[in-house]
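Written below as structure tokens is the structure these notes are about.
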Amino acid sequence: VAPQLPGVSWNRGGRFTFYQFNIHGAEIWGNGYRVDGASTMFSSNRTGFLLVPSAIERMEIVAGGIPAEYGEQYGGIIKITTKTGTNQTSGFAKSIWRPNAFLSEQETGIASQVYAKPPGRTRIQEFALGGPISLNKVWHFGAFQWIDEQQGSVLTLANPMELDFYSYHEKVTWQQTQKARWDFSGSGSPHWARNRPPDITTANDAKFTQHTPGMNFAQILHTYVIDDRRFVENSFSFYHIELFSQTVRGRENVRPDEIRLRSWNPDLGFLYTTGPSPTYSRIFNLRGRYSTRFYMNLPTHAIKMGIDYG
């Protein structure tokens, strides 16, 4: 959706493992992400999990004229509202299997090309179910998606990269009174990425395995309607990410010229490229955030005020 908007460009950023987009020339970490009003950014200033598509009710992309409430981002804002259960039980199921044999042949003009089509395949399984827990009082909506993917290159005989993503989302809504509502939601997408190539050209056995056992996001949101023009939202969100990377040969016997990692030196205050490089790395983030927001709609304009603390 995002690349179809004016000012948005779509690229792979020199990486093999995921696509990304830039808004009005800003870096990818200049974009902000909100799910039901809560920020899903972690310490690298990027969003850290995949939301199940069938759990999305609405998505809005702000590519220009960013409101003050999103002032920490200078690129664009991606706002997602998740689905809420209703008094009617409903479900959804999707299954996709696509071998790369269905892709068009690629002519790169490079003499070392070894395949006409990139080896690999994609499998996606997705399920969703929503409905009442207590009629007119409590509802839920849950969704799950499994992505199993293998993607190779027409330029190498190396083993294809293998991706396994297990994404889930659950939301429980409690209408406490006519004016007060609580939303309890949780999302996550632990994954494996095997035979992943680094961002530089290296030997085949310098590829690494990336495992993310913890990639979780939870939020408690309370909404209180004062009258037909004013309402207040209070939310507490919690984000957890834990990521491990290790070369396919393990932690030993990797030559210095095979893989290099960017590291942060707190004494020097900048990023540097290591070498000889470590063959194992770990990222661990825990982040809590409290927000209160006041909204008032007037005949000619709207007023928004809020506080974020995290």
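The residues of the chain are indexed from 1 along the displayed sequence.
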Nearest heavy-atom approach of H169 to S187 is ND1-OG, 2.7 Å
Please confirm whether Y290 and F236 have ring centers closer than 6.0 angstrom.
-> no
Check the surroundings of atom CD1 in I307: do more than 12 heavy atoms from other residues, nucleotides or ligands lie under 6.0 Å from it?
-> no
Taking 4.0 angstrom as the limit, do E105 and K117 come out as a salt bridge?
-> no
Short question: side chain of D164, backbone of H191 - any donor-acceptor pair under 3.5 Å?
-> no
Of the non-hydrogen atoms in G142 and E170, which two are nearest, and what is the gap between them?
-> CA-OE1, 3.1 Å
side-chain contact (heavy atoms from CB on, under 4.5 Å) involving K79 - partner list, sequence neighbours excluded = R34, E60, V62, Y70, I77
Might you point out which heavy atoms bring F141 and A55 nearest each other, and give the distance in Å?
-> CE2-CA, 3.9 Å
Please assess I56 against L51 for the test side chain to side chain contact (heavy atoms under 4.5 Å, CB included), listing each intermediate value before the final yes or no.
-> CA-CA 8 Å; I56 297 175; L51 189 62; 3.8 Å; yes
Heavy-atom pair of closest approach, residues T40 and Y239 = O-CE1, 4.0 Å
N234-H222 side chain donor-acceptor pair, cut-off 3.5 Å | no
T86, T84, N87 screened by side-chain hydrogen bond (donor to acceptor under 3.5 Å, both in side chains) with W139, the one that passes | N87
So, for P99 and R121, which heavy atoms are closest and what is the spacing to 0.1 Å?
-> CA-CB, 3.8 Å
In terms of hydrophobic clustering (I, L, V, M, F, W, Y; side-chain heavy atoms under 4.5 Å; direct or indirect links), are W146 and F165 co-clustered?
-> no
Check for a donor-acceptor pair, side chain of E57 on one end and backbone N or O of T81 on the other, with a separation under 3.5 Å.
-> no
Determine yes or no for a side-chain-to-main-chain donor-acceptor pair under 3.5 angstrom, with K171 supplying the side chain and D183 the backbone.
-> no
Donor-acceptor pair, E107 side chain versus G109 backbone, under 3.5 Å?
-> no
For L155 and T108, what are the C-alpha separation, side-chain angles and deciding distance, and is it a side chain to side chain contact (heavy atoms under 4.5 Å, CB included)?
-> CA-CA 9 Å; L155 301 178; T108 64; 3.8 Å; yes
Side chain of D36, backbone of T82: donor and acceptor closer than 3.5 Å?
-> yes
Please assess N100 against Y115 for the test side chain to side chain donor-acceptor pair (under 3.5 Å), listing each intermediate value before the final yes or no.
-> CA-CA 12 Å; N100 282 6; Y115 293 116; over 6 Å; no
Mind listing the side-chain donor-acceptor pairs of residues 124-131 below 3.5 Å, one per line with the distance, residues two or more places apart or on another chain?
| from | atom 1 | to | atom 2 | distance (Å) |
| --- | --- | --- | --- | --- |
| Q125 | OE1 | S95 | OG | 2.9 |
| Q125 | NE2 | S95 | OG | 3.3 |
| E126 | OE1 | K94 | NZ | 3.3 |
| E126 | OE1 | Q145 | NE2 | 3.0 |
| E126 | OE2 | S54 | N | 2.9 |
| E126 | OE2 | S54 | OG | 2.7 |

Could you verify whether a donor N or O on one side chain and an acceptor N or O on the other, from Y166 and D148, lie under 3.5 Å apart?
-> no
With no hydrogens and no angle check, is any side-chain donor or acceptor of T177 less than 3.5 Å from a backbone partner on A180?
-> yes
